[in-house]
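Reminder, nothing fancy here: chain letters follow the sequence lines and each chain counts from 1. Below, each value reflects all heavy atoms present in this structure, side chains not excepted, and no hydrogens, waters or symmetry copies. Please read these numbers as outputs of a predicted model, since none were measured by experiment.
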Amino acid sequence: NGQPPGKPEMIRCRSPEKETFTCWWKPGSDGGLPTNYTLLYTKEREESYHECPDYVTGGPNSCYFDQKHTSVWTIYNMTVKATNALGSNISTPYYVDVAYIVEPNPPVNLTLEWVGQAYASYLLLKWVPPPRADVRSGWLTLEYELRIRPKEEPEWDNIFVGLGTKYQLFRLNPGIKYVAQVRCRSDRGEWSQWSSESHFQVPKEFKLKD
Amino acid sequence: NGQPPGKPEMIRCRSPEKETFTCWWKPGSDGGLPTNYTLLYTKEREESYHECPDYVTGGPNSCYFDQKHTSVWTIYNMTVKATNALGSNISTPYYVDVAYIVEPNPPVNLTLEWVGQAYASYLLLKWVPPPRADVRSGWLTLEYELRIRPKEEPEWDNIFVGLGTKYQLFRLNPGIKYVAQVRCRSDRGEWSQWSSESHFQVPKEFKLKD
Amino acid sequence: PICPNGSNSCQVSLGDLFDRAVRLSHYIHSLSSEMFNEFDERYAQGRGFIAKAINSCHTSSLTTPEDKEQAQQIHHEDLLNVVLSVLRSWNDPLLHLVSEVQRIKEAPDTILWKAMEIEEQNKRLLEGMEKIVGRVHPGDLGNEVYSTWSGLPSLQLADEDSRLFAFYNLLHCFRRDSHKIDNYLKLLKCRLIHDSNC
């Protein structure tokens, strides 16, 4: 007994640094039989089909494209085919432009430092781009967003920072403990995950300038 | 009496827009006699010597090369010769490629405008590239940097803006007077001088989100 | 979503192609400037290499615009071909640069990493330029004109001064040519995509 496999579906592709990328699919039903999956893709204006170069690196139901197989100059048209003893089923075509699927890894080393000035003390937040991101001169231009909240409060306050990797935060309440995170995105892609949390206790006695 | 002139020295060349450039030299001692200076140069891929086309436009001890006499990605080998009644003295050869001596004039028309929004008011800073820089055709590409500080504070806060000519600044202290300046550079060249200062007083009564 | 109506119109726009090419050429020029400056500071101080580097780039046989007027008068197809020719002329030397840099005494990793990164990104930019040329004037992959490079033996000379000069000259020439490519691409992008109104 058993059935031909259900229709698989491409669900997501992601590139951490516009140099490699990974795509994932969601299998359909396997019809109760051993089913295997083949990902095939063509590039813009090309007739020839290529098979996924690496089914392993990206984990189950995935295809990993290393630098050699990654091009930012073309659109990929990919389908995944499920096959078992009783037949096969192909996903609807899925189009990918690597420049639009960039989701960097989170920034690292978020540090919080209190700068007490006579006039306007502030909290200086500093961080570093994610490792492996060739961001120095613009191949991957990263923008940053901060979020901060008093430790006891649920609601975050989001601050879009832009290109810089530091930020001065004025007008914090004395004596309060704050939690902060930072994330980044390539100007055309998705936001990264938030960095790990950093904590800071604002000094009690600093004079708040009226 | 008197002496032959001391040895002059080429000290600096600068191009404001990669279309013309000016070089300056430092005279040696004039030996107590009237001394005149001649700048001679050769250009890569050319055998012949040329004399400075314009000793006036760039001010004393200078040579100005207009568009007709300016080639980029070409090494100029120049020397300056001091001559008086008792002899002459020649500077050591000075090599320059216009591609690497671009130092633009400062940006102009830096305006500061308060944008009061329900959720987050901000200061909108806008500016315009320096007049003679041809950014429109793409011949020159400029990056910008802002600096801002409360009028009473000595320390500036520098913000690298990148290619844009406007910037939104959130989180300013209500009622405080701020001073801002902007500068620019071309690709890998020198930063321009800072623009003239612009001042702005943040409104007192805007609702501060706690 | 990209390609909403299926694959017939499904391609990266010319504007996006130029955007990526300019971003890459800017990055490559930045890397080449850093590499040249690093090498110059570490190995070339006081050796007068600049004087010997005049008229010594293997690409100087290629006719390229040398000022704004020339660059604006040249037809865009010809300027695209200039970019292709200069890029192709560097495939071979950049490949050898990566292997030969490893033989320089105490060459810092940063110079080696940059040489590898530049060789990789230059190939990527050439792929993009061939795509752009194919899009701007289909059917013509650009004349296969480029300058051959015969500098490998000089990178392997026994005499250290001569060998270091050979490296200096190669890095000096690549910094110059990568700056030309970056500049020409920014001009082309403004002309073809933004109607000369960047």
Enquirer: I need the residue from C:Q72, C:H179, C:E69 with the largest number of non-hydrogen atom pairs under 4.5 Å to chain B.
Expert: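 Of C:Q72, C:H179, C:E69, C:H179 has the most heavy-atom pairs under 4.5 Å with chain B.
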Enquirer: Work out which heavy atom in B:G138 is nearest to a heavy atom in C:C190; give both atom names and the distance.
Expert: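 Heavy atoms only, the tightest pair is CA-SG, 3.6 Å.
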Enquirer: As a quick check of understanding, evaluate side-chain contact (heavy atoms from CB on, under 4.5 Å) for C:R176 and B:I75, giving each step before the final call.
Expert: CA-CA 10 Å; C:R176 166 183 287 183; B:I75 293 179; 3.3 Å; yes
Enquirer: Heavy atoms under 4.5 Å from chain C: which residues of residues 43-60 of chain B carry them?
Expert: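 Under the 4.5 Å heavy-atom cut-off, B:E44, B:R45 qualify.
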Enquirer: Does the side chain of C:D67 reach to within under 4.5 Å of the side chain of B:T70, using non-hydrogen atoms?
Expert: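 A side-chain contact is absent here, since even the closest heavy-atom pair is not under 4.5 Å.
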Enquirer: Crowded around C:D109 CG? As in, over 12 foreign heavy atoms under 6.0 Å?
Expert: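 No, because the 6.0 Å sphere around CG of C:D109 holds 12 heavy atoms or fewer from other groups.
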Enquirer: Could you tell me whether C:K52 atom NZ has more than 12 heavy atoms of other residues or ligands within 6.0 Å of it?
Expert: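 Atom NZ in C:K52 is crowded, with more than 12 foreign heavy atoms closer than 6.0 Å.
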Enquirer: At a 4.5 Å cut-off on heavy atoms, which part of C:D182 comes close to chain B: side chain, backbone, both, or neither?
Expert: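 Side chain only.
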Enquirer: Considering residues at least two apart in sequence or located in another chain, which fulfil the side-chain contact (heavy atoms from CB on, under 4.5 Å) criterion with B:P16?
Expert: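 If we apply the side-chain contact (heavy atoms from CB on, under 4.5 Å) test to B:P16, skipping adjacent residues, the hits are B:R14, B:T20, B:N105, B:R132.
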Enquirer: Rounded to the nearest 0.5 Å, how far does CG of B:D134 lie from SG of C:C198?
Expert: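 Going from SG on C:C198 over to CG on B:D134, the span is 9.5 Å.
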Enquirer: Please name the residue in the list B:E17, B:E19, B:K18 that meets the side chain to side chain contact (heavy atoms under 4.5 Å, CB included) test with C:K68.
Expert: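 Testing each of B:E17, B:E19, B:K18 against C:K68, the sole residue satisfying side chain to side chain contact (heavy atoms under 4.5 Å, CB included) is B:E19.
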Enquirer: Is the side chain of C:N183 donor-acceptor paired with the backbone N or O of B:W139 at a distance under 3.5 Å, no angle test?
Expert: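 The answer is yes, because a donor-acceptor pair under 3.5 Å joins these two groups.
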Enquirer: Does CD in C:Q156 sit with more than 12 non-hydrogen atoms of other residues, nucleotides or ligands closer than 6.0 Å?
Expert: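 For C:Q156, atom CD is crowded (more than 12 foreign heavy atoms under 6.0 Å).
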Enquirer: If I take atom CH2 from residue B:W73 and atom OG1 from residue C:T59, how far apart are they, to the nearest 0.5 angstrom?
Expert: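 If I round to the nearest 0.5 Å, the distance is 12.5 Å.
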Enquirer: Decide if atom CD of B:E190 counts as having more than 12 heavy atoms of other residues, nucleotides or ligands within a radius under 6.0 Å.
Expert: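 No, not enclosed.
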Enquirer: Going by heavy atoms in the side chains, are C:N197 and B:R136 under 4.5 Å from each other?
Expert: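 Heavy-atom side-chain distance check passes, below 4.5 Å.
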